[in-house]
Structure formats: structure tokens, C-alpha cells
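Notes for the one structure printed next.
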Amino acid sequence: MISGTFPSTEQRNSALCPPRRPGVRHAGIGPGDNAEVTEPDLLRLLAVHAHPDDESSKGAATMAKYIAEGARVMVATCTGGERGSVLNPAMDRPEVWERLTEIRAEEMDRAREILGVEQEFLGFVDSGLPEGDPLPPLPDGCFALLPLEEAAAPLVALIRRFKPHVVTTYDERGGYPHPDHIKTHEISVHAFEAAGDPERYPDLGEPWQPSKLYYQMSFTLPRTRALHEAILESGAESPYTEWLASWDPEKDISHRVTTRVPCAEYFAVRDAALIAHATQIDPTGRWFACPIEVQQRVWPTEDYELARSLVDSTVPEDDLFAGIRSEVGVR
Ligand SMILES: [Zn+2]
């Protein structure tokens, strides 16, 4: 379900568009940025993620595609991943554990280069994934425990500086129930709404209102089922059998998908970026168990839910910038 509002063209124009003058390209489409430029402006996408590696497993091929098309893409990484485990047996060594935070930052550097994105850490401390019964309390000072207003501030500042037209984040359940992923959703929605408001966070730069907010929706039941069936048809063993057996169809989110971005030719870039996160990703593990050719044939898109839009936009869409390109002067 789309929870955003879709104002009329008139409302949108009065809210967002500076007056047009013949022969002049208009750069910004948000309040506070009426700068006029003579060159077409670049489309800008901001992807908000919880930990280093999340950007490479969720929406990475979409980002690589838009980079290849000339857009600017920024990844905001909320935490340093300090409380993550070493999930790749080949990297599970004392010298890796001793320097885990630095190593994860180095891995992020490599992934950033592979994807071609810009990237900034927002500076929060990983909350860890609590395990046990009862669940232990979250550690003091961690990202998930911070008050929303405070936790969203660096993202508001980044939005005002980078001026994204589109912001992507996780859905309200975090995509999966890690407290940092849920918090990432919360600060993204909060910052999307606050960044354009001159009354809020007045010390964090000139207001900028992004035009669209999306939730990542790539891990759906229909996609996993389609990959599973294609693998079985090829005569191989499916890595998804157990996963599918325990999947509660009630919890499937595929009915919320509004936007499917074709990006199959960038799946290899996505995989290379994932492998760069060597402490987190086992190259022999489930991420890579489905051959890339099968993925390209069976499910060649990354999928999203359009959660908020301030531009005219008709769903279903195949482009995160739908409704924005004409405003920015880029096609
Ligand atoms: Zn994560």
C-alpha cells in the first residue's frame, strides 16, 4: 500500500518548482534551492543503510545502473558495523576480530569504489543483533536507543548538503528485524519530512525537500520462489528450500511493490561489491548460490515500494526518478 500523498500538478508546482524562464535550466526543485544553472542538473539518489555491507546486498545494482547513466549516488551508512560478527569462515581469525571496525571501513571503501558511489558514515554505534530468551538489553549509547530527533540530525544535514531527489531506505520492519535497520527506517522517514522544513533543524543547512521516498522490497516470496523453481528446473539443488518452507506467506511484502527497476546487467557489479565485504560475506554461501544468469533471466529487477511522492507519479513504475527527470532537465 502506498502511504504517501500524490498532490496535483498545481500543488506540486507551487510547492516545489521555481518559476520557469525560457532558455534557463533550473537546478533545484526544493524550497531553499532556487539556483539556476545553464547546464542540466544531475539526478541524485541517496540510499540510507544501517551497516557497511547493506548497501551491497540491497539495491546495489540499481545504484550501479544510475551511476552508469550519469546520476550521482550517495550511500549514508548509519553505523560502523562495530558489533557485527565475522560471517565468513575464511576471515574468522583473531587478527581480523582485533581490527574488525577498521577492516569493515576498509571493506566499505572497496565496495564504494566498485559501485562508483559516494559514501558517508553518519557516525552512530552499531546496536548489535540481540539474541537469547529473554533478549538482552541493547548496549548503552547504541544507534537504536538514541532519541529520534537526535539520531536523524546527521541525515537531515546530509540531505540538505547532497540535495537528493530520491531517498531509499528500509520498510517499517527494517527488511529484517535488526534494531539498527528499524532505526534506519525511522530516521529516514523523519529526515525526509524534516529536511525541507525551515523550522526544523534550523542550524543544519538550507532546507531541501527530496521528491520521493522508497522502501527496499527485493526479498519477496515470489522472487525467492521463482529463483528456487528455476534452479530446480536446471537440475541443481536449491539453496532456498528450507527458507521457503519456513516463510510465512502472511508476512510476504510483494503486494506492496510499486516499482521494479531493471538492472540485471549490474548484478555482477553488485556481487563484486558484496564480496568486498569479506568479513560479512562468504563467497561460497547462500548469496551466491543462485547463478547470476538464472537471476538475470528469472528476476531481472530490484524492487521498491514508493512510500512518499511529491511529484506526479503513476505506479507501477520502472524508474526511481519517474516524474522527476523533466523537472531536473535530465532524461
Ligand atoms: Zn545491516
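Start at 1 and go down the list; that is how both ligands and their atoms are numbered. Every heavy atom of this structure was used, including side-chain atoms; hydrogens, water molecules and symmetry mates were not. Note that the structure is a prediction, hence the values are computed from the model and not measured.
Within the 4.5 Å cutoff, the side chain of Thr224 has heavy atoms near those of the Leu244 side chain.
Taking 4.0 Å as the cut-off between side-chain N and carboxylate O, Glu55 and Arg270 do not count as a salt-bridged pair.
Between Thr62 atom OG1 and Leu45 atom CG the span is 8.5 Å, to the nearest 0.5 Å.
Below the 2.8 Å limit, the Zn ion (ligand 1) has as protein N, O or S neighbours His51 ND1, Asp54 OD1, Asp54 OD2, His181 NE2.
For the pair Arg44 and Trp208, the cation sits on the ring face: its NZ or CZ lies under 6.0 Å from the ring centre, inside 45° of the axis.
The two residues Val96 and Thr279 come nearest to each other via the heavy atoms CG1-CG2, 3.8 Å.
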Which is it for Leu320 and Tyr66 under the side chain to side chain contact (heavy atoms under 4.5 Å, CB included) test, yes or no, and what are the steps along the way?
CA-CA 9 Å; Leu320 301 183; Tyr66 284 125; 3.9 Å; yes
